[in-house]
Amino acid sequence: MRALALDIGEVRIGIAASDASGTIAVPVKVLPAAEVLGGARSFRYVLEDYEPDALVCGRPKTLSGEDGPQAERVMAQARQIAEACGLPLEFEDERLSSQEAKRILREEGYNEKSMRGRVDMVAASLFLQTWLDAQRG
């Protein structure tokens with residue numbers, strides 16, 4: 001089963017995908033939120049390239065495990081995207097995924113400015129990997 005993950009932000013949406021076996025998550029790209037929400041050609045190409053069986057979206061939670069202030073907006077947008085794509089929707093806790101993505105990118109030599117566009121897709125790959133591992137376990 002191939003899954004596509006979305007890290008939904010107000011400005012950008014990071015996209016990650018699993019391999020065909022549903023074992024490994026890899027960052028794909030970052031698109032403007034308006035393009036994904038509007039079903040633009042750029043997002044349709046990603047769907048055509050990866051042919052996902054499921055959509056996994058990050059669910060923003062506080063450190064205490066409650067839904068964060070962005071959760072309602074993110075979940076509503078995720079439902080809208082999943083419905084437009086005709087895909088089943090799952091949510092995965094995305095706590096600390098952006099901080100971990102920044103740490104990884106810093107280790108790879110990126111500075112704050114150069115990592116800006118990459119953080120969201122790396123974060124999406126991190127919570128997608130967590131979701132994939134849970135599906136197998």
Side-chain angles (χ1 to χ4, degrees):
M1 169 158 103
R2 184 172 294 229
L4 195 70
L6 303 180
D7 183 16
I8 300 174
E10 291 185 36
V11 178
R12 293 179 297 274
I13 295 181
I15 304 171
S18 71
D19 61 343
S21 68
T23 307
I24 298 170
V26 293
V28 173
K29 67 176 10 181
V30 176
L31 290 174
E35 288 184 18
V36 177
L37 291 166
R41 185 177 299 141
S42 56
F43 183 57
R44 288 197 316 267
Y45 284 155
V46 171
L47 293 170
E48 289 170 13
D49 287 349
Y50 290 92
E51 298 179 338
D53 300 302
L55 198 59
V56 179
C57 292
R59 184 173 185 155
K61 292 186 176 245
T62 64
L63 290 177
S64 64
E66 307 291 318
D67 279 345
Q70 300 290 332
E72 197 171 306
R73 174 188 62 80
V74 167
M75 291 170 64
Q77 289 176 333
R79 287 185 194 99
Q80 174 191 336
I81 295 164
E83 191 173 306
C85 300
L87 291 170
L89 175 63
E90 299 271 342
F91 289 100
E92 182 61 38
D93 185 352
E94 67 171 31
R95 268 182 288 187
L96 303 176
S97 61
S98 292
Q99 287 83 345
E100 179 66 9
K102 286 180 182 179
R103 186 192 64 72
I104 290 167
L105 290 167
R106 264 190 228 98
E107 283 180 4
E108 291 181 4
Y110 291 97
N111 62 31
E112 286 294 322
K113 186 175 181 181
S114 64
M115 75 170 74
R116 189 172 297 136
R118 293 177 170 87
V119 169
D120 302 308
M121 68 178 177
V122 173
S125 71
L126 292 171
F127 68 72
L128 177 57
Q129 188 64 57
T130 300
W131 184 84
L132 293 169
D133 293 346
Q135 299 306 298
R136 284 198 321 270

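Values in this document were obtained by computation on a predicted structure and should not be read as measured data. Scope of the values below: all heavy atoms of this structure, side chains included, with no hydrogens, waters or symmetry mates. Quick note: residue numbers are just sequence positions, from 1.
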Salt bridge flag under 4.0 Å for residues Arg116 and Glu112: no

From CA spacing to verdict: side chain to side chain donor-acceptor pair (under 3.5 Å), Ser42, Glu35: CA-CA 7 Å; Ser42 56; Glu35 288 184 18; 2.4 Å; yes

Backbone of Ile24 reached by a side-chain donor or acceptor of Asp19 within 3.5 Å: yes

Flag side-chain contact, heavy atom, 4.5 Å: Asp120 against Ile13: no

Separation between CZ of Arg118 and OG of Ser125, rounded to the nearest 0.5 Å: 13.0 Å

Under 3.5 Å donor-acceptor, Gln129 side chain and Ala25 backbone: yes

hydrophobic_cluster_shared for Tyr50 and Leu47, side chain cutoff 4.5 Å: yes

Lys29 NZ: over 12 foreign heavy atoms closer than 6.0 Å: no

Side chain proximity check, Gln70 to Glu10, heavy atoms < 4.5 angstrom: yes

Cluster check Val26, Ile15: I/L/V/M/F/W/Y, side chain < 4.5 angstrom: no

Close side-chain approach of Ile8 to Arg73, heavy-atom, < 4.5 Å: yes

Salt bridge (charged side-chain N to carboxylate O under 4.0 Å, His left out) assessment of Glu48 paired with Arg44: CA-CA 6 Å; Glu48 289 170 13; Arg44 288 197 316 267; 5.3 Å; no

For Ala33 against Gly9, the heavy-atom pair lying closest together: CB-O, 3.8 Å

Within 6.0 angstrom of Arg136 CZ, more than 12 heavy atoms from elsewhere: yes

Common cluster, Leu89/Met75, ILVMFWY with side-chain heavy-atom separation under 4.5 Å: yes

Shortest non-hydrogen separation from Gln77 to Leu37 and the atoms involved: NE2-CD1, 3.6 Å

Test item: Arg95 side-chain N/O and Leu63 main-chain N/O as donor-acceptor pair under 3.5 Å: yes

Closest approach of Gly58 to Pro60 (non-hydrogen atoms, all atoms of both residues): O-CD, 3.6 Å

Pairwise distance CG(Leu6) to CG(Leu31) - rounded to 0.5 angstrom: 9.5 Å

Glu72 side chain reached by Asp67 side chain, heavy atoms, under 4.5 Å: no

Within 6.0 Å of CD in Gln80, more than 12 heavy atoms from elsewhere: yes

Heavy-atom pair with the smallest gap, counting every atom of Glu94 and Asp7: OE1-OD1, 3.0 Å

Contact summary for Leu128 and Ser18, nearest pair of heavy atoms: CD2-N, 3.7 Å

For the student: nearest non-hydrogen atoms of Phe91 and Ala78, plus distance: CE2-CB, 3.7 Å

Heavy-atom side-chain contact between Val28 and Asp49 under 4.5 Å: no

